[in-house]
Chemist: 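My questions will all concern the structure given below.
Note that these values count all heavy atoms, side chains included, but never hydrogens, waters or copies made by symmetry. Residue numbers start from 1 in every chain, and the chains themselves are labelled A, B, ... in the order their sequence lines are given, proteins ahead of strands.
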Amino acid sequence: VGDPPPLMDAATAATATAAAALVWFRKGLRVHDNPALDAARRSAARVYPVFVLDPRYLRPDPAAPSPGSARAGVARVRFLLESLRDLDARLRRLGSRLLVLRARDDVSDAVCAALKDWNIGKLCFESDTEPYALARDKRVTDFAAASGIEVFSPVSHTLFDPAEIIEKNGGRPPLTYQSFVATAGEPPKPVMEKYSELPPIGDTGGYELLPVPKLEELGYGDLSQEYIPPFRGGETEALKRMRESLQDKEWVAKFEKPKGDPSAFLKPATTVLSPYLKFGCLSARYFYHCIQDVYRSTKTHTKPPVSLAGQLLWRDFFYTVSFGTPNFHQMEGNKICKQIPWRENGELFVAWRDGRTGYPWIDAIMIQLRKWGWMHHLARHSVACFLTRGDLRAGRKSLHARKKRVYFTSDSTFSKKKKPNSKIKLFCFTSICQLVSDMKYIHWEQGRDVFERLLIDSDWAINNGNWLWLSCSSFFYQYHRIYSPISFGKKYDPNGDYIRHFIPVLKDMPKEYIYEPWTAPLSVQEKARCIVGKDYPKPVVDHEAASKECRKRMEEAYASNRLGGNPVKGNSSNSSRRKFSDGGQDVPDSSMSKQPRKRS
DNA sequence: ATTAGGTTGAAAGG
DNA sequence: CCTTTCAACCTAAT
């Protein structure tokens, strides 16, 4: 955890004098509640509002599985460009404009060049805690320091300052929601001062001032076949959408996230403000305080974690943990992540990614992701569980472990209840490794990558946090709870309207079969003009068998973690709290790096 | 060492 | 639409 950039209060910022200030927009694509923009306009006679197009983010990747760059699908790039156009329009209404720069390769080089070329005295930008941003911003602040340029970098993307919360919690990020909320307290109020004018931009020298580019100009090829998601980017749209959502006060007061309907698509069960929060078109603090206003006008309201305000706290929770956890975005070297020997690739992964698993509920969600760049939170759960720990595995039967009939438990309740006097054999780490190398369930990082690229609300901290959650790698550990790719969707949408909408080939399948079309008699398939295996794929796995197998594999992986058989760090100090009995039993393989630690 | 608690499972029963 | 059961996880707090 690096030191946060020093905060400057408004008074200090106001008295500071600099001939020209540069406001560097990255996230925070808004005018309201924008402390960086506020400080710039107060302290300088000329303000340069800048956005730098990042080739590392936008460069077309023809090898990608859908149009876009390696890191972003066109839906999110479109949303970004719409947000920039709206930001430009709003700045122009205040007598300014957005200066769109194109970096050759490294964004920080372009910013540093502008600072120098325009003789900037003060640089203002919103603090960003993502690793990519931290490295990028350090290059710029180092340059600024060396050049005597004042830097103001306030926290305004999140409700709280992640570094401050970590400090309050004794130097470690709170790892449970409850402890996070207790540590955090009440968030600061948004900065909502109204003003009608911004200082003009200064001389831009030889810089060519181009408008925000059109998506078609970025080289992604023919986009005429691309579906345009129903959500338009920008602060104006964000504020409108927020007001519409908050208008229904009863809905706000009674909101409970887990009770939402993931199949609702004509009118989604949530606000769909996440993409606006992701780009900072909407201030989380402003949203939070508007929600509080609604709560004050109603008799009762739901509470965190399920409430609407509670959702914003979840966002901050993941931002804080991700900021305070090295290698948060991966399994390796991530101290809070269970070490599970996932497989890296396979046909099953591609079937999942492309919505061809043969499970209409799963495929419809993945197609909605591809077309809309957004789906309901519970829909994300469903497909993430299916990919990682729920279903996608090979039907390999000859398991080394089962032949040997070893018990790998160190759980005292299990041994007491079921095998009170039995000799508990310890499962050795190498056996687990051998066994799991045949395993086909798929690494959460692969699913994470697909979401990260295609979601219009793709957010580094939240996306990784939720993949850790769903794969039972961190935060959540009840791996016996597996979403059924059949019954989970059916309970919300028994008629299958959601499936019919996103998978048109199934639109005439009777509702009795739409969640399991392979069970429909051939005559029914013919009548629906959808032959399973021809017009729509057969299921790639059998859910009953696969989920049972996956459950077992998770049990094995957890046992390995308990034994301190952490394949990455080899550090058993905090993972072997559990007591186990190993007296006189099979000696763990000598290649096991750490012996179980005896307690009692 | 023990216990309580955990945003979002499924199936069965009322 | 509610609760209970199922089989049972882990973590934090005590």
Chemist: Working to the nearest 0.5 Å, report the span between NZ of A:Lys338 and CZ of A:Arg389.
Modeler: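 Going from NZ on A:Lys338 over to CZ on A:Arg389, the span is 13.5 Å.
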Chemist: Classify A:Lys490 by what it touches in the nucleic acid, base, sugar-phosphate, or nothing, heavy-atom distance under 4.0 Å.
Modeler: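 Counting heavy atoms under 4.0 Å across all strands, no contact is made by A:Lys490.
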Chemist: With a 3.5 Å distance limit and no angle check, can you tell me whether A:Trp372 reaches the backbone of A:Ala75 through a side-chain donor-acceptor pair?
Modeler: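 A pair under 3.5 Å: no.
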Chemist: Judged by modelled atom types alone, do A:Arg448 and A:Asn463 share a side-chain donor-acceptor pair under 3.5 Å?
Modeler: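 Looking only at side-chain atoms, A:Asn463 and A:Arg448 do not form any donor-acceptor pair under 3.5 Å.
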Chemist: Examine the side chains of A:Tyr536 and A:Asp363 and answer whether a donor and an acceptor come within less than 3.5 Å of each other.
Modeler: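 There is such a pair (donor and acceptor under 3.5 Å, judged by atom type) between the side chains of A:Tyr536 and A:Asp363.
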Chemist: Using a cut-off of strictly less than 4.0 Å between a heavy atom of the residue and any atom of DNA chain C, enumerate the qualifying residues of residues 298-322 of chain A by number.
Modeler: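 By residue number: none to list.
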Chemist: Return yes if some donor-acceptor pair links the side-chain N/O of A:Asn334 with the main-chain N/O of A:Asn327 below 3.5 Å, else return no.
Modeler: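 At least one qualifying donor-acceptor pair exists.
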Chemist: Using a 3.5 Å cut-off on both pairing distances, which stems of three or more Watson-Crick or G-U pairs include DNA chain B?
Modeler: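 Stems (3+ consecutive pairs) listed as B:1-6 with C:9-14, B:9-14 with C:1-6.
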Chemist: A:Lys335 NZ to C:dT11 P: how many Å, rounded?
Modeler: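 Spelled out: NZ on A:Lys335 to P on C:dT11 is 16 Å.
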Chemist: When the P atoms of C:dA8 and B:dA1 are considered, how many whole Å apart are they?
Modeler: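 Comparing P positions in C:dA8 and B:dA1 gives a spacing of 23 Å.
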Chemist: Tell me which nucleotide among B:dT7, C:dA12, C:dC9 gets nearest to the side chain of A:Pro258.
Modeler: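 Among the listed nucleotides, the one closest to the side chain of A:Pro258 is B:dT7.
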Chemist: Would the distance check show the side chain of A:Gln525 and the main-chain N or O of A:Val532 forming a donor-acceptor pair, the cut-off being under 3.5 Å?
Modeler: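 Yes, A:Gln525 side chain to A:Val532 backbone: donor-acceptor pair under 3.5 Å.
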Chemist: Any side-chain N or O of A:Arg562 less than 4.0 Å from the OP1 or OP2 oxygen of C:dC9?
Modeler: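 A:Arg562 to C:dC9 OP1/OP2: no side-chain N or O under 4.0 Å.
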Chemist: Quick one: does A:Tyr319's side chain get under 4.5 Å of A:Leu159's, heavy atoms only?
Modeler: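 With C-beta onward as the side chain, the pair stays apart.
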Chemist: 5'-most contact on DNA chain C: A:Lys259 or A:His480, nearest heavy atom basis?
Modeler: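 The residue whose closest nucleotide sits nearer the 5' end is A:Lys259.
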Chemist: For A:Arg551 and C:dA8, what is the distance between atoms CZ and P respectively, to the nearest whole Å?
Modeler: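 It works out to 10 Å between those atoms.
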Chemist: Are A:Trp361 and A:Phe502 near enough that their ring centres are under 6.0 Å apart?
Modeler: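 No, the ring centres sit 6.0 Å or more apart.
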Chemist: Just checking A:Trp314 against A:Phe180, ring centres under 6.0 Å apart?
Modeler: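 No, ring centres 6.0 Å or more apart.
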Chemist: Heavy-atom contacts under 4.0 Å between residues 178-187 of chain A and DNA chain C, which residues?
Modeler: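 Those residues whose heavy atoms fall under 4.0 Å from DNA chain C, taken from residues 178-187 of chain A, amount to none.
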Chemist: To the nearest 0.5 Å, how far apart are CG in A:Leu455 and NZ in A:Lys278?
Modeler: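 Output value for this atom pair is 9.5 Å.
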Chemist: State which of B:dT7, C:dT11, B:dA10 makes the closest approach to the side chain of A:Lys491.
Modeler: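 In terms of side-chain proximity for A:Lys491, the closest of B:dT7, C:dT11, B:dA10 is B:dA10.
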Chemist: Please write out each protein N/O paired with an N/O of nucleotides 11-14 of chain B under 3.5 Å, distance rounded to 0.1 Å.
Modeler:
unit_1 : atom_1 : unit_2   : atom_2 : d
B:dA11 : OP2    : A:Ser487 : OG     : 3.0

Chemist: Give a yes or no on this: more than 12 heavy atoms of other residues, nucleotides or ligands lie within 6.0 Å of atom CD of A:Glu167.
Modeler: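 Not buried by this count: 12 neighbours or fewer within 6.0 Å.
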Chemist: Would you confirm whether A:Gln311, through its side chain, and A:Val306, through its main-chain N or O, come within 3.5 Å as a donor-acceptor pair?
Modeler: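 Yes: the side chain of A:Gln311 pairs with the backbone of A:Val306.
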Chemist: Mind listing the residues from residues 366-381 of chain A sitting with a heavy atom below 4.0 Å of DNA chain B? Number order is fine.
Modeler: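 Per residue number, the list reads A:His377, A:Leu378, A:His381.
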Chemist: Looking at A:Glu549 and A:Arg553, is any side-chain nitrogen of the basic one under 4.0 Å from a carboxylate oxygen of the acidic one?
Modeler: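 Here A:Arg553 pairs with A:Glu549 in a salt bridge, since their nearest N and O are under 4.0 Å apart.
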Chemist: How many whole angstroms separate atom CE of A:Met554 from atom P of C:dA7?
Modeler: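 Rounded to whole Å, this separation is 20 Å.
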Chemist: Any chance the rings of A:Phe386 and A:Phe488 have centres within less than 6.0 Å?
Modeler: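 Centroid separation for A:Phe386 and A:Phe488: 6.0 Å or greater.
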Chemist: Nearest whole angstrom, please: distance from the C1' of B:dT7 to the CG of A:Asn466.
Modeler: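 Taking CG of A:Asn466 and C1' of B:dT7, I get 11 Å after rounding.
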Chemist: Taking the basic N atoms (NZ, or NE/NH1/NH2) and the acidic carboxylate oxygens, is any pair closer than 4.0 Å for A:Glu250 and A:Lys254?
Modeler: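 Yes, this pair counts.
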Chemist: Please check: side-chain N/O of A:Arg315 versus main-chain N/O of A:Leu277, any donor-acceptor pairing under 3.5 Å?
Modeler: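 It does hold such a pair.
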Chemist: Distance from A:Arg76 atom CZ to A:Phe279 atom CZ, nearest 0.5 Å?
Modeler: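 The distance works out to 6.0 Å.
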Chemist: In whole Å, measure the gap between the P atoms of C:dT11 and C:dA7 for me.
Modeler: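 Rounded to whole Å, the distance is 23 Å.
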Chemist: To the nearest Å, how far apart are A:Arg481 CZ and C:dA7 P?
Modeler: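 The answer, rounded to whole Å, is 14 Å.
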Chemist: Can you tell me how far P of C:dC6 sits from NZ of A:Lys548, to the nearest Å?
Modeler: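 Distance, rounded to whole Å: 17 Å.
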Chemist: If I take atom NE2 in residue A:His543 and atom P in nucleotide B:dA10, what distance separates them, rounded to the nearest angstrom?
Modeler: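 Roughly 8 Å, once rounded to whole Å.
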Chemist: In Å and rounded to the nearest 0.5 Å, what is the NZ to CG distance from A:Lys548 to A:Asp542?
Modeler: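 Between atom NZ of A:Lys548 and atom CG of A:Asp542 there are 10.5 Å.
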Chemist: Return the residues of residues 467-479 of chain A meeting this criterion: a heavy atom under 4.0 Å from some atom of DNA chain C. Order them by number, or give none.
Modeler: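 Hits under 4.0 Å, by residue number: A:Tyr477, A:Gln478, A:Tyr479.
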Chemist: Mind calculating the distance between CD (A:Glu256) and C1' (C:dC2) to the nearest angstrom?
Modeler: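 Rounded to the whole Å, the gap is 14 Å.
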Chemist: If I take atom OG from residue A:Ser156 and atom OH from residue A:Tyr286, how far apart are they, to the nearest 0.5 angstrom?
Modeler: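 Between A:Ser156 OG and A:Tyr286 OH, I get 16.0 Å after rounding to 0.5 Å.
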